[in-house]
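This report concerns only the one structure given below.
Remember, it's 1-based here, ligands and their atoms both numbered in the order they're listed. Here the structure is a predicted model, which means the values were calculated and not measured. Along the sequence shown, residues carry numbers from 1.
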Amino acid sequence: MNASRATRDGRGVLVDRFGRVVRSLRLSVTDRCNLRCQYCMPEGQIPWFSKDRILTFEEIERVARILASLGVTEIRLTGGEPLLRQDLPVLARMLSGIEAIEDLALTTNGLLLEEMAGPLVQAGVRRFNVHLDSLEPAGFAAISRRGGLSRVLAGLRELEKLGAIPVKINVVLVRGVNDDQIERFVDLALRRPYQVRFIEMMPLGGGEPFETDRLVPGREVKQRIEAIHRLTPVGRDRPSAPANVYRLQEGVGDIGFINPVTEPFCGDCDRIRLTADGKIRNCLFARAETDLAALLREGGSDEDIAKALQADVAAKGPGGCLDLNQFYRDRLPRKMWQIGG
Ligand code: SAM
């Protein structure tokens, strides 16, 4: 329908059959992680991608340039844990140097942030999302199956020192595991320039097989907060932003709700995903993916790659695909840490 919309260099933009235009790339740079969050990863033996399958910086930059020529303006580095990718600031500099890329962001668990934040900011990373599920050391260790809360907090302080604020903090709630932390996180947002976002746990089936009763609906979290604080609606940062944001009357920071399960926001999706092993996915829950690594490594031209990207996006489903029963029955073959959250 909108396939004729052109970018500056004459290529069509990436548009699906529902008219959604792709502007944002979630770029996974590794499948490795230094946490084993219960809802995300298993504790035991993990079938990591072999090293030769992981895209090189040059391959990633090439795909990013082609995507930029197709209208993508924002890149978010993710993983796995992106800070485990060696020389990440070198890649960040390559990506922030692409003219059409206006926004380079990072999602991290924050364990290595204290030492990495400075080099990343220098390399052009402007926005940081830090994942943190508990403000209590034992609770942090329990949900992540590893320690390290003090390192994450040091990373947050470093971001503040660097002026990389407001920092977004992503909290995934699991009933009976960390839902006792809601008020503590609100207290944090009262005191610090953070946007604390409560995220509904999605049934991605990577870690513990949590049942639907472990989901804490965003509406319930909001009611709990409103029982003690006044929340003023701010709305979404932009129409495609996943978080619905509220200002805390007396606070420095904000509260956001990301409710992919109870209030899916697929209608405004502008994202595409590139996995660390070079597969393009038009949705977190896509059942098919395009093997870009094969094209890159077997001599595909930029035009071939652009066509493959356009075909992948054209095949994007309507979304609203979070049918919990369906997902509990039929677990996805590729898990969150192998896609890039
Ligand atoms: N390692 C980085 C991190 O921890 O943020 C980036 C990758 S991680 C997969 C990205 C985000 O996905 C984190 O905020 C994590 O909590 C979230 N996540 C992982 N599994 C999830 C699930 N089943 N439901 C909702 N969010 C999930």
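- For a threshold of 3.5 Å applied to N or O pairs, the pair formed by Thr107 and ligand 1 contains no separation below that value.
- Gln86 CD: 12 or fewer foreign heavy atoms inside a 6.0 Å radius.
- In the vicinity of Cys40, heavy-atom distances shorter than 4.0 Å reach the ligand 1 atoms 19 (C), 20 (N).
- Inclusion of Met201 in the set of residues having an N or O under 3.5 Å from an N or O of ligand 1 is not warranted.
- The closest donor-acceptor contact from the side chain of Asn178 to the backbone of Gln181 lies at 3.5 Å or more, if one exists at all.
- Counting atoms of ligand 1 from 1 in the listed order, those under 4.0 Å from a heavy atom of Glu200 are 25 (C).
- Set against the non-hydrogen atoms of Asn170, the atoms of ligand 1 under 4.0 Å away are 14 (O).
- At a cut-off of 3.5 Å, with distance as the only test, a side-chain donor of Thr232 or Gln249 sits close to an acceptor on the other residue.
- For the pair His131 and ligand 1, the shortest N or O to N or O distance falls below 3.5 Å.
- Contact annotation for Leu35 and ligand 1: no heavy atom of the residue comes within less than 4.0 Å of the ligand.
- A side-chain donor-acceptor contact under 3.5 Å links Asp133 and Tyr39.
- Side-chain contact of Thr262 with Glu200: a donor-acceptor pair under 3.5 Å is present, judged by distance alone.
- Arg236 places a side-chain N or O within 3.5 Å of a backbone atom of Pro242 that can act as its donor or acceptor partner.
- Counting only distance, with no hydrogens or angles, the side chain of Gln38 and the backbone of Ala142 share a donor-acceptor pair below 3.5 Å.
- Taking every heavy atom of Thr78 and a limit of under 4.0 angstrom, the matching atoms of ligand 1 come to 6 (C), 7 (C).
- For Glu59 (side chain) and Thr56 (main-chain N/O), a donor-acceptor pair under 3.5 Å exists by modelled atom type.
- For Asn109, heavy-atom contacts with ligand 1 shorter than 4.0 Å involve the backbone as well as the side chain.
- Considering backbone and side-chain atoms together, Gly80 places an N or O closer than 3.5 Å to an N or O of ligand 1.
- Checking only distances, Glu81 does come within under 3.5 Å of ligand 1, N or O to N or O.
- Not a single heavy atom of Cys37 sits under 4.0 Å from any atom of ligand 1.
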